Amino acid sequence: MAFDQWHDRQPVPGPQDGARRRAADDGFDLRLSPEDRPTGIAAGAQRRTARPSPGPRPQERREPAFSATPAGVEDPGRYPASDGVDGLGESLPGDGLFHEEDVMARRAAGRRSRKGGGRGNGGGGSGGARRGGGRRRRSFLGWVVRSCFVLAIWCGIAVAGVVAYHFAQLPPIDQLTVPKRPPNIAIAASDGTLIANRGDMGGREVKLAELPPYLPKAFIAIEDRRFYDHFGIDPLGITRAMVRNVTSRGVAQGGSTLTQQLAKNLFLTQDRTLSRKIQEAILALWLEQKFTKDEILELYLNRVYFGAGSYGVEAAALRYFGKSAREVSLSEAAMLAGLVQAPSRLAPNRNPDGAEKRAQLVLSAMADEGFISEAAAKNALMEPATAIKPRGAGSANYAADYVMDVLEDFIGPVERDVVVETTIDVGMQRAAEKALVEALDKQGGKYGVGQGALVSLATDGGIRALVGGRNYGQSQFNRATVAMRQPGSSFKPFVYLAALENGLTPDTVREDGPVNLNGWRPENASRKYAGPVTLTTALARSINTVTAQLIAEMGPKAVVRTAQRLGITSPLQPNLSLSLGTSEVRPIELVAAYAAFANGGTGVIPYLIREVKTPDGKVLFQRTPTDLGRVIEQQHVADMNMMLRQTLLTGTGRRAEIAGWEAAGKTGTSQEYRDAWFLGYTGSLVTGVWLGNDDSKPTKKASGANLPAEIWKTYMTAALKGQSPVPLPGGPFNRLPPADDEALVADGGYAGAPPPAAGGGPPAQAAAPQRQRGLLEMLFGG
């Protein structure tokens with residue numbers, strides 16, 4: 001059918017067909033050749049869609065503006081042969097091609113159709129309105145989702161910024177190292193028994209493999225059940241703790257992992273701030289990357305604080321249970337694990353009930369986690385742990401302090417854990433403490449004595465017992481090694497030894513009577529005089545006038561040289577009053593000087609450290625025998641032992657006599673009874689006792705002859721129990737006849753008008769019963 005004929009047969013469009021006509025105009029504007037160009041209505045429609053031309057239209061034929069489709073390929077610009085456009089059953093005339101502008105027009109129409117929300121035939125407007133409302137609802141939900149997403153991004157950025165800021169406050173991660181654990185110094189007795197720990201930690205470092213399996217499991221059960229599952233921070237644990245704290249309206253549970261707690265202990269302060277918690281989390285992640293779980297757990301157990309100055313599980317076990325962490329029971333392990341939550345509040349020595357309740361929670365948690373059986377938990381609950389009480393005054397701490405004073409002289413600065421083996425005998429140390437403390441408790445008030453000290457040495461100078469005061473907890477001042485006190489008459493043996501070395505003998509006679517030595521008039525405390533007496537009697541009965549005459553004969557410097565040769569290191573004033581012990585000395589050096597009498601004449605240096613080694617057995621120091629060599633000739637040793645033996649047999653020290661043993665010694669009392677001494681020895685042990693007051697206040701006539709002699713005897717009897725008696729060098733020594741006047745056999749201290757530096761010596765002693773002198777003695781004296 002020709003186009004003109006087809007066009008003439010079309011109905012005249014009405015108003016309702018406007019939309020359809022516009023769509024046809026926009027979408028079906030075919031570019032036809034001039035001879036096929038339609039006329040009439042169709043031509044008008046075509047003119048409406050044509051672009052205006054600024055000039056006369058060229059008369060040449062206009063070619064279609066499209067590219068030819070290659071042969072064999074269906075042209076996408078062709079309409080289907082029977083697409084039924086506008087209800088027609090046949091294709092439009094022409095070649096079936098369309099211009100690119102038609103495509104653009106069709107796309108624009110499609111956009112307008114979509115924007116119109118369903119404008120079309122048959123009431124599409126209402127349906128379009130409903131669809132538009134649905135999209136608005138979907139748009140609101142989308143806005144909420146998008147807002148939340150954006151907010152989450154910004155929150156993440158803010159958190160990252162805060163973390164980055166706190167991360168910058170930490171040292172560079174590549175330079176971060178675990179702080180070195182402060183070294184521990186374990187101080188052991190001669191038999192290996194631990195007597196004290198020194199150092200910031202209070203105990204040595206222990207390996208995880210050394211501990212009973214239930215000990216580390218107790219900490220995991222109560223502090224961090226998911227320890228082996230998390231990466232340093234436990235989100236589940238934090239959530240659980242938050243819920244628990246909210247429901248209980250308080251801080252009932254913490255969310256920190258063991259790794260976080262370790263990070264806090266290693267690198268941070270104990271402040272409870274958000275900044276510290278953020279840094280703690282950062283460091284926990286670093287620890288998890290740096291160490292294995294077992295290494296982290298081992299570090300934790302050796303660094304966590306348990307109260308009472310104890311850092312680490314070893315120190316805590318020793319402090320509360322008196323045993324190593326390797327030996328604790330299940331109930332004790334549970335109590336230790338429960339302490340870390342609040343070590344000061346739950347310390348079993350202060351709050352046993354609170355510690356026990358917390359231990360019950362630990363045992364229940366262990367059973368819930370399957371770490372122990374229900375039966376084991378019940379047994380532990382029926383036998384709860386009990387903290388030990390401090391033993392006595394803790395006198396072994398005086399010896400431990402003395403070790404710390406001299407340790408660096410042997411091994412230099414202590415940079416790792418060490419074990420120091422000492423010469424201390426545990427039994428002797430306890431006996432010394434008991435003898436001193438009990439005597440002061442019972443009779444200290446009677447004699448006006450507040451303090452005391454005791455030093456006991458082996459004959460080679462090894463310290464077997466050292467008590468520096470009445471109670472270490474109340475006073476850590478070591479009176480045995482540091483205090484400077486006047487020795488009184490206990491210094492006299494050095495004067496008599498100098499006299500023997502200058503040619504006198506134990507039988508040499510001197511007159512006990514008033515003397516005037518260049519204006520110095522020493523007197524005996526009793527104001528009585530015995531007349532002619534031997535040097536043996538004068539020393540045994542501590543007669544002041546004879547001793548003063550001897551130092552005047554030999555010169556004070558000779559006495560100073562003799563005392564220093566035997567081991568006195570304190571400054572000595574070379575004056576006449578030195579004979580009565582007016583120059584101050586330390587108890588330990590005075591006892592060491594007496595050791596030369598007990599061992600046959602060899603000078604000794606008192607020592608406490610025998611060996612120093614690492615916990616794995618590497619020896620850092622081992623003592624070799626050291627002494628001062630021979631300081632007394634053998635004959636003079638025998639003479640001095642015989643003379644000093646008489647002090648316990650017939651002289652001022654008779655209260656110190658030990659049954660079955662040859663013992664010798666000397667009493668001493670300083671001016672106005674400020675210091676009371678007894679220095680004595682057997683063939684195997686040398687011991688000195690000092691009593692007095694720290695402020696040098698005079699006592700109530702406490703002298704070397706009473707309370708110190710009694711303490712010495714009590715201690716020596718216990719210390720020598722079970723040992724075979726050892727004779728004194730140069731013995732045996734026979735007993736001299738007893739004195740006629742027993743009242744004179746007392747060490748009453750110095751009396752008379754002393755020079756400015758004068759100090760106490762024992763009171764005057766009665767002379768031995770006068771024997772008939774021989775002809776040579778009457779003619780030449782002697």
Side-chain angles (χ1 to χ4, degrees), residues 183-199 204 392-414 417-433 436 452-469 472 476-484 566-570 585-596 598-599 602-614 619-628 679 681 684-690 715 719:
N184 180 73
I185 297 93
I187 302 172
S190 58
D191 62 354
T193 303
L194 181 68
I195 59 177
N197 275 296
R198 287 292 183 268
R204 76 173 183 89
S395 65
N397 286 291
Y398 290 113
D401 289 348
Y402 188 56
V403 167
M404 297 303 296
D405 290 341
V406 300
L407 182 59
E408 288 193 8
D409 296 337
F410 298 98
I411 64 171
V414 181
D417 287 1
V418 296
V419 179
V420 181
E421 180 184 323
T422 69
T423 57
I424 293 292
D425 182 284
V426 175
M428 292 183 181
Q429 181 70 31
R430 292 174 181 171
E433 178 181 331
L436 180 66
L454 187 151
V455 182
S456 186
L457 308 180
T459 55
D460 68 344
I463 300 174
R464 308 297 279 164
L466 181 69
V467 182
Y472 183 85
Q476 292 79 50
F477 180 64
N478 196 335
R479 296 155 189 84
T481 61
V482 179
M484 301 288 291
L566 268 65
I568 298 296
T569 58
S570 297
V585 297
R586 290 184 292 270
I588 192 170
E589 62 182 315
L590 190 59
V591 176
Y594 270 65
N599 65 24
T602 301
V604 303
I605 301 173
Y607 68 94
L608 184 60
I609 299 175
R610 178 175 292 166
E611 185 178 72
V612 182
K613 57 186 177 181
T614 61
V619 177
L620 304 178
F621 166 78
Q622 191 169 39
R623 186 181 184 276
T624 56
T626 304
D627 56 49
L628 301 177
L679 278 293
Y681 55 92
S684 61
L685 200 61
V686 187
T687 301
V689 177
W690 167 85
Y715 163 72

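Note that the structure is predicted; figures quoted are calculated from it, not measured.
When atom types are taken as modelled, the side chain of Glu421 and the backbone of Gly192 share no donor-acceptor pair closer than 3.5 angstrom. Of the possible polar contacts, one joining the Ser190 side chain to the Ile424 backbone as a donor-acceptor pair under 3.5 Å is found. Proximity of a side-chain donor or acceptor of Asn184 to a complementary backbone N or O of Asp417 within less than 3.5 Å is not detected. When atom types are taken as modelled, the side chain of Asn599 and the backbone of Thr459 share a donor-acceptor pair closer than 3.5 angstrom. One N or O on the side chain of Thr423 and one on the backbone of Ile463 form a donor-acceptor pair closer than 3.5 Å.
Considering only residues two or more places apart in sequence or on other chains, Tyr402 meets the ring-ring contact (aromatic ring centres under 6.0 Å, His included) condition with none of them. Every residue two or more places apart in sequence or in another chain that forms a side-chain contact (heavy atoms from CB on, under 4.5 Å) with Phe621 is listed here: Phe410, Ile411, Ile609, Val612, Arg623.
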Decide side chain to side chain contact (heavy atoms under 4.5 Å, CB included) for Arg464 and Val686; before the verdict, give the C-alpha distance in whole Å, the side-chain angles of both, and the deciding distance to 0.1 Å. CA-CA 10 Å; Arg464 308 297 279 164; Val686 187; over 6 Å; no
Given Leu608 and Val420, is the side chain to side chain contact (heavy atoms under 4.5 Å, CB included) satisfied, shown in steps? CA-CA 10 Å; Leu608 184 60; Val420 181; over 6 Å; no
Begin with the C-alpha distance, continue with both residues' side-chain angles, and end with the deciding distance and a verdict on side chain to side chain contact (heavy atoms under 4.5 Å, CB included) for Leu454 and Thr687. CA-CA 7 Å; Leu454 187 151; Thr687 301; 4.0 Å; yes
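Taking all atoms of both residues into account, the shortest heavy-atom contact from Ala196 to Asn397 is CB-OD1, 4.2 Å. Of all the heavy atoms in Leu407 and Val414, the pair that sits closest is CD2-CG2, 3.8 Å. In this structure, Tyr398 and Tyr472 approach most closely via the heavy-atom pair OH-CA, 3.3 Å. Summarising the geometry of Gly452 relative to Arg479, their closest heavy-atom pair is O-CD, 4.2 Å, with the distance given to 0.1 Å. Here the closest non-hydrogen pair linking Gly688 and Leu679 is CA-CD1, 3.6 Å. Considering all non-hydrogen atoms of both residues, Met484 and Ser570 come closest at CE-OG, 3.4 Å.
Residues Asp460 and Tyr607 are in side-chain contact: their nearest non-hydrogen atoms beyond the backbone lie under 4.5 Å apart. Counting only heavy atoms from C-beta outward, the side chains of Arg198 and Val403 never approach each other to under 4.5 Å. Side-chain contact between Val419 and Glu611 is absent, with no heavy-atom pair separated by less than 4.5 Å. Ile568 places a side-chain heavy atom less than 4.5 Å from the side chain of Leu590.
Ser456 and Tyr715 share a side-chain donor-acceptor pair at under 3.5 Å. Counting only N and O atoms by type, the side chains of Arg586 and Thr569 include a donor and acceptor under 3.5 Å apart.
One distance of note links CG of Leu466 with OG1 of Thr422; it measures 10.0 Å at 0.5 Å rounding. Expressed to the nearest 0.5 Å, how far CG of Leu685 lies from CG of Leu457 amounts to 8.0 Å. Within the model, atoms CD1 of Ile185 and CE of Met404 stand 4.0 Å from one another, a figure rounded to the nearest 0.5 Å. Separation of atoms CD1 (Ile187) and CG (Leu194) is listed at 8.5 Å; rounding is to 0.5 Å.
Note on residues 402-413: no pairs pass salt bridge (Lys or Arg N to Asp or Glu O under 4.0 Å), not counting sequence neighbours.
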